[in-house]
Amino acid sequence: MLVAVTECDRSCRTWMRGCDDGSSGERGVRVVVVDSRDDVEHKARTDVLRRGLGVLWVAVRHEPRIFAVSVLGSALFGGLTVAGAYVIGAVTGRVVVPALDSGQTTAGALAAAAAVLLGVALLRVLGILGRRLGAGGMQFRLQARYRREVTRRYLDLPLSWHHRHPTGSLLSNANADVEATWFPIAPFPFAVGTVVMLIVATGALVATDWVLALVGLAVFPAVFAVNVAYSRRMSPRMTRAQQLRAEVSTLAHESFDGALVVKTLGREAHETARFGAKAVELRDALVAVGRVRGLFDPAMDALPQLGTLAVLVVGAFRLRAGAVEVADVVSVAFLFTVLAFPIRAIGWVLGELPRSVVGWDRVQGVLTATGSMPYGDAPAPERTGPAALELANVAFTYGETPVLRDVTFDVAAGRTVALVGPTGAGKSTVTTLVARLVDPAYGEVRLDGRDVRELRRGALADGVALVPQTTFVFDDTVRGNVALGVDVPDDRVWEALGLAQADRFVRALPEGLDTMVGERGASLSGGQRQRLALARALVRRPRLLVLDDATSAVDPAVEQAILAGLRASAQGTTVLVVAYRRATIALADEVVFLDRGRVVGRGTHAELLSRVPGYTRLVTAYEEAERDRERDRAAELADEALA
């Protein structure tokens with residue numbers, strides 16, 4: 001045991017069984033009693049077999065029928081393998097040896113021997129088919145089941161949880177870790193079925209000659225000892241390899257997503273080197289796994305062969321002493337020859353258990369993750385028309401950093417409110433709270449007077465639509481991106497496109513609504529992607545529309561047309577818009593000015609200009625930046641015209 005005294009805070013992560021923090025939770029002195037690294041690794045190694053068998057039991061509970069079919073096929077194969085050994089022994093003793101002694105045999109004897117051998121072989125084929133089809137079906141069904149569960153859990157977990165976990169690691173959980181968890185399933189039913197073979201074989205061996213049985217069965221303790229040694233060495237290496245798989249996946253995902261940044265800054269060599277270094281680590285970890293497996297596999301192959309050799313040596317002496325017959329020695333020796341494969345199947349299962357346990361732990365880390373949002377049982381408000389929104393004394397922190405402090409304002413039904421503030425003021429955080437992607441530390445967000453946390457799952461999405469800053473377009477048709485799984489007629493899709501000022505460019509596309517837009521909407525401009533995302537929200541006819549700088553890439557005139565169209569539309573929508581342009585702000589019925597996480601001004605655009613200096617400075621800066629952009633754009637157009 002070790003005792004460590006360290007300076008720490010709440011972010012410290014240690015192996016510990018006892019801890020005494022400072023009472024305030026601030027940085028202080030922590031006394032930590034921990035197991036030594038050797039103790040921890042020893043416990044992990046000795047726990048692999050028990051926990052691995054527990055994972056296999058979970059598989060059996062999930063797929064009992066397929067498992068039963070596979071085991072029955074394996075048992076049929078095993079029983080007939082034992083029978084085949086004695087059939088071969090009988091044929092050798094009653095047909096082959098007499099024929100060799102007399103120099104002749106009968107056609108009937110040969111035909112009977114061939115028929116018996118062929119019948120046993122055909123039945124074994126049926127057993128193999130049942131075993132393989134059952135094991136494969138079981139493995140793939142389990143992988144599909146847990147991929148769905150992991151993905152479903154990802155969608156249930158709040159946005160704050162996803163911010164703490166890299167995308168590459170999450171992809172690894174849903175793919176490589178799920179596959180690793182259920183990798184032993186392929187040989188598992190066969191290994192269970194071969195228990196029948198081993199039991200029958202053991203009884204047959206003892207009945208034939210107990211001395212030869214003891215000699216041959218001595219191989220099984222050796223198999224167990226080899227597996228214990230293997231598990232001790234493999235478990236930490238496999239854990240490291242799975243972790244590195246996730247890290248490599250994370251780096252690859254970052255490189256793909258940041259390809260534009262990497263290329264424009266000329267950082268290809270740096271990113272290649274960074275990825276290459278992690279890939280080398282993974283290679284070395286997998287080589288270490290391969291070395292251990294390279295020692296284990298030959299040992300598991302050799303043990304049954306050594307058992308067969310020992311049986312032949314001892315059998316020769318027993319045959320000379322007259323204790324057994326030739327047919328007995330042949331049957332026992334052949335039986336150990338065919339037992340090599342089932343013993344190997346058991347070795348496969350045992351060999352994959354460390355990998356399975358590591359994968360299971362990583363998958364369970366997602367499935368048991370805390371932080372999911374609690375939901376009430378209240379249905380969505382039955383009111384039709386625009387919704388009323390209210391934030392009451394809302395506060396929010398990210399980690400230890402306060403983002404919002406006592407934010408209070410309301411948006412009356414059918415009104416348009418512009419949320420304005422400098423960078424880092426908390427505007428985007430307000431939009432995520434309204435859409436309930438996160439919950440406030442305290443305070444309430446109310447829709448039509450009801451706290452959104454009281455609503456049942458999915459009720460808020462029925463009436464509230466958020467169009468975020470970052471526009472995501474799927475590799476699908478225009479119709480598929482707008483409808484996104486909602487069964488709506490084309491006229492409603494066109495209506496939404498019209499409100500988003502996107503119908504003109506969509507009609508000009510080669511196939512209209514059926515045009516494929518490419519991965520992340522690669523065939524569209526930034527403004528077109530934003531309008532498509534806005535139409536996606538509008539087609540659902542939300543009662544409250546939240547726009548988080550969702551029109552930044554479109555022309556000011558188009559943006560004004562969009563907001564004017566929303567206000568005049570028959571469907572009636574309350575709008576909360578994060579705005580920067582003065583023309584957009586002026587269209588709002590009211591402006592809420594945020595600064596440093598607080599509401600420091602509220603009123604019309606003209607009122608805030610006259611009495612809030614910070615608002616005046618910010619809007620003036622926005623106007624100057626907009627004028628600069630317009631001048632640059634005009635210069636570019638002039639250059640193009642001259643060219």
Side-chain angles (χ1 to χ4, degrees), residues 386 388-396 398 402-412 414-435 437 440 443 445 464-471 530 534 537 544-564 566-567 573-630:
L389 172 68
E390 181 182 1
L391 277 73
N393 302 314
V394 168
F396 183 81
Y398 185 79
V403 179
L404 297 177
R405 304 176 180 85
D406 297 315
V407 171
T408 299
F409 69 89
D410 63 273
V411 183
R415 305 274 284 178
T416 297
V417 171
L419 200 59
V420 181
T423 301
K427 304 182 296 297
S428 293
T429 302
V430 169
T431 65
T432 58
L433 286 166
V434 171
L437 298 178
V445 178
V464 178
L466 167 66
V467 185
Q469 287 178 328
T470 304
T471 302
Q530 283 194 334
L534 179 58
L544 170 64
L545 179 64
V546 184
L547 304 176
D548 183 8
D549 193 24
T551 54
S552 59
V554 302
D555 293 335
V558 175
E559 182 184 36
Q560 292 181 54
I562 291 172
L563 293 177
L566 290 175
R567 296 185 65 176
T573 302
T574 304
V575 180
L576 176 65
V577 55
V578 175
Y580 293 90
R581 294 168 175 160
R582 182 167 186 164
T584 305
I585 297 171
L587 286 174
D589 300 306
E590 192 175 20
V591 178
V592 173
F593 181 51
L594 279 179
D595 192 11
R596 298 181 183 179
R598 297 182 184 274
V599 176
V600 295
R602 180 178 177 183
T604 65
H605 173 60
E607 289 171 349
L608 293 183
L609 281 176
S610 64
R611 59 183 174 85
V612 182
Y615 179 79
T616 304
R617 288 193 298 271
L618 183 67
V619 173
T620 302
Y622 286 161
E623 288 179 342
E624 291 177 355
E626 187 64 31
R627 283 195 295 268
D628 290 341
R629 284 195 294 270
E630 290 298 323

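Since the structure is predicted, the reported quantities are computational estimates derived from the model, not experimental observations. Numbers here are sequence positions counted from 1.
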Can you name the residues that form a side chain to side chain donor-acceptor pair (under 3.5 Å) with [X], not counting sequence neighbours?
X      : answer
Ser610 : none
Arg602 : Asp410, Glu590
Asp548 : Ser428

Handout entry: Arg405 atom CZ, neighbour heavy-atom count above 12 within 6.0 Å
Key = yes

Problem - Worked check of side-chain contact (heavy atoms from CB on, under 4.5 Å) between Thr604 and Leu609 - result: CA-CA 9 Å; Thr604 65; Leu609 281 176; over 6 Å; no

Problem - Residue pair Thr429 / Tyr398, side-chain heavy-atom distance below 4.5 Å - result: no

Completion exercise
All heavy atoms of Ala412 vs all of Thr574, minimum pair found to be O-CG2, 3.7 Å

Practice task
Would you name the heavy atoms of Val464 and Val434 that are closest together and state the gap between them?
Solution key: CG1-O, 4.4 Å

Practice task
With sequence neighbours left out, write down each residue that passes ring-ring contact (aromatic ring centres under 6.0 Å, His included) with Phe396, or none if nothing qualifies.
Solution key: none

Problem - ring-ring contact (aromatic ring centres under 6.0 Å, His included) against Phe409, all qualifying residues, sequence neighbours excluded - result: none

Practice task
Step by step, work out the side-chain contact (heavy atoms from CB on, under 4.5 Å) result for Thr408 and Val599.
Solution key: CA-CA 7 Å; Thr408 299; Val599 176; over 6 Å; no

Problem - Residue pair Val592, Val430: steps toward the side-chain contact (heavy atoms from CB on, under 4.5 Å) verdict - result: CA-CA 11 Å; Val592 173; Val430 169; over 6 Å; no

Fill in the blank from the handout: Contacts of Pro613 meeting side chain to side chain contact (heavy atoms under 4.5 Å, CB included) (sequence neighbours excluded), chain-then-number -> Arg617

Handout entry: Asn393 (side chain) donor-acceptor with Gly443 (main chain) under 3.5 angstrom
Key = no

Handout entry: Test item: Lys427 side-chain N/O and Pro422 main-chain N/O as donor-acceptor pair under 3.5 Å
Key = yes

Practice task
Evaluate the criterion side-chain contact (heavy atoms from CB on, under 4.5 Å) for residue pair Val407 and Leu433; output intermediate values, then yes/no.
Solution key: CA-CA 11 Å; Val407 171; Leu433 286 166; over 6 Å; no

